[in-house]
There are 2 protein chains.
Amino acid sequence: MKEKNHLQIQDFLPYLLNRAAENTSLDFQKTYKDRYGMLRTEWRVLFHLGRYGDLTAKQICTMADLHKTKVSRAVSALERQRFLERTRVPTDRRNELLSLTKQGQAAFGHLQTEATRYHETLVASFTVEEQAILQKCLKQLANFS
Amino acid sequence: MKEKNHLQIQDFLPYLLNRAAENTSLDFQKTYKDRYGMLRTEWRVLFHLGRYGDLTAKQICTMADLHKTKVSRAVSALERQRFLERTRVPTDRRNELLSLTKQGQAAFGHLQTEATRYHETLVASFTVEEQAILQKCLKQLANFS
DNA sequence: CATTGATAGTTACAAATGCAACAAATATCG
DNA sequence: CGATATTTGTTGCATTTGTAACTATCAATG
């Protein structure tokens, strides 16, 4: 005679996360799509290179949690648009080191500013403590399982 | 001579949300994909019908924040697999009311239980207060802009 | 009621993605 | 060394998605 205490499904975390992710990502996309013709994955690769310096595709896969196919295609697109260049690593010629061009660095600089601004509007109504908890929880969920 | 105080890009909210959403969704997908052959959108449509009773496609679009083509295709797939049925509304024959079949209700019942269990494992390491703040923030971000 | 406009839902085509197979370089181990 | 296995990255094909155009029904206006 036990009533199961079910989660209200509209509170289901993966569902909420998806909605929040899609909503904010589509919104921010306006910032880079029209001006730089980038896709979401490309912007993600770009900002890893801007933030962490030269990396191999494999390193980006690991850090950004992206499949190597996605990274491969994003790198090709960014290269075609002259946002980055590749150089083979002589000591292990399977790797190629990816570096932003001047143009790529300029785009990164601009988008970093815009991202900062956008992030701040997103969290504007949250307290500092709430922001910290949100960050903590999301980072844990991003690495869960 | 002003140093801009840039956000650390790995803290950028849309990025964190995407990673957390993808990670948890792919994880939970194991629960419905193999057993019921559903895709993510189909599961989402199913649980809206299970939770809120009969709805039109349009209502699901609004409530779940899904594009009508996605809903249309998910409904077709769910119908093909006999999880739901459609009936034209006589007073306005543009609408069709979607209702779960017995089989659809059974799947919903099962998946609701699994979702509850999975949700609990996700938040197991968070305090009750943290859970509440996370919910509040995510709901706001899901409706932002 | 006839024209025009709006709404619910579908479909066709292009773009993006996931998966598996692949090539090339290196590592391992007899 | 030489055979086999592993790693890095790309490509082909099937699936999924997004966009826009479409059909069918209903509403509004003259």
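Chain naming here is simple, since letters A, B, ... match the order of the sequence lines and numbering starts at 1 in each. It should be emphasised that the depicted structure is a prediction, and the values quoted were computed from it without experimental measurement.
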Check the hydrophobic clustering (I, L, V, M, F, W, Y; side-chain heavy atoms under 4.5 Å; chains of links allowed) and say if A:Leu7 and B:Leu134 are grouped together. yes
Let me know the distance between CG of A:Leu66 and P of C:dT17, rounded to the nearest Å. 10 Å
Distance check needed: C:dT17 P versus B:Leu39 CG, whole Å only. 16 Å
A:Lys139, NZ: over 12 other non-hydrogen atoms inside 6.0 angstrom: yes
note: B:Lys33, atom NZ; D:dT16, atom C1'; distance rounded to Å ~ 11 Å
Spacing of A:Leu97 atom CG relative to C:dA25 atom P, expressed in whole Å: 18 Å
For the ring pair A:His119 and B:Tyr15, is the centre-to-centre distance below 6.0 Å? no
Any N or O donor-acceptor pair linking the side chain of A:Arg73 to the base of C:dG18 at under 3.5 Å? yes
Flag yes if B:Leu100 and B:Leu39 sit in one hydrophobic cluster, no otherwise; membership is Ile, Leu, Val, Met, Phe, Trp, Tyr, and two members link when side-chain heavy atoms are under 4.5 Å apart. no
Checking side-chain polar atoms at under 3.5 Å, does A:Asn18 have a donor or acceptor matched by the opposite partner on B:Arg40? yes
Could you state the CG-P distance from A:Leu78 to D:dG9, rounded to the nearest angstrom? 15 Å
Polar atom pairs between nucleotides 1-8 of chain C and protein, under 3.5 Å, N or O only, would you list them?
from, atom 1, to, atom 2, distance (Å)
C:dT7, O2, B:Arg94, NH1, 3.2

Phosphate oxygens OP1/OP2 of D:dT8: is one of them under 4.0 Å from a side-chain N or O of A:Arg86? no
Strictly below 4.0 Å: does B:Ser72 bring a side-chain N or O up to OP1 or OP2 of C:dT10? yes
At 10 degrees resolution, what angle do the end axes of the helix from C:dC1-D:dG30 to C:dG30-D:dC1 form when each is taken over five base pairs? 20°
Looking only at side chains, do B:Arg51 and A:Gln8 share a donor and an acceptor under 3.5 Å apart? yes
note: A:Trp43, atom CH2; C:dA16, atom P; distance rounded to Å ~ 19 Å
Just how far, in rounded Å, is P of C:dT10 from CG of B:Leu98? 9 Å
Path from A:Val123 to B:Leu17 over hydrophobic side-chain contacts below 4.5 Å: yes
Return the set of residues passing ring pair (Phe, Tyr, Trp, His ring centres under 6.0 Å) with A:Phe83 (not counting sequence neighbours), or none when no residue passes. none
Figure out the NZ/C1' separation between A:Lys70 and D:dG12, and round it to whole Å. 19 Å
Residue B:Arg88 excluded, over 12 heavy atoms near CZ under 6.0 Å: yes
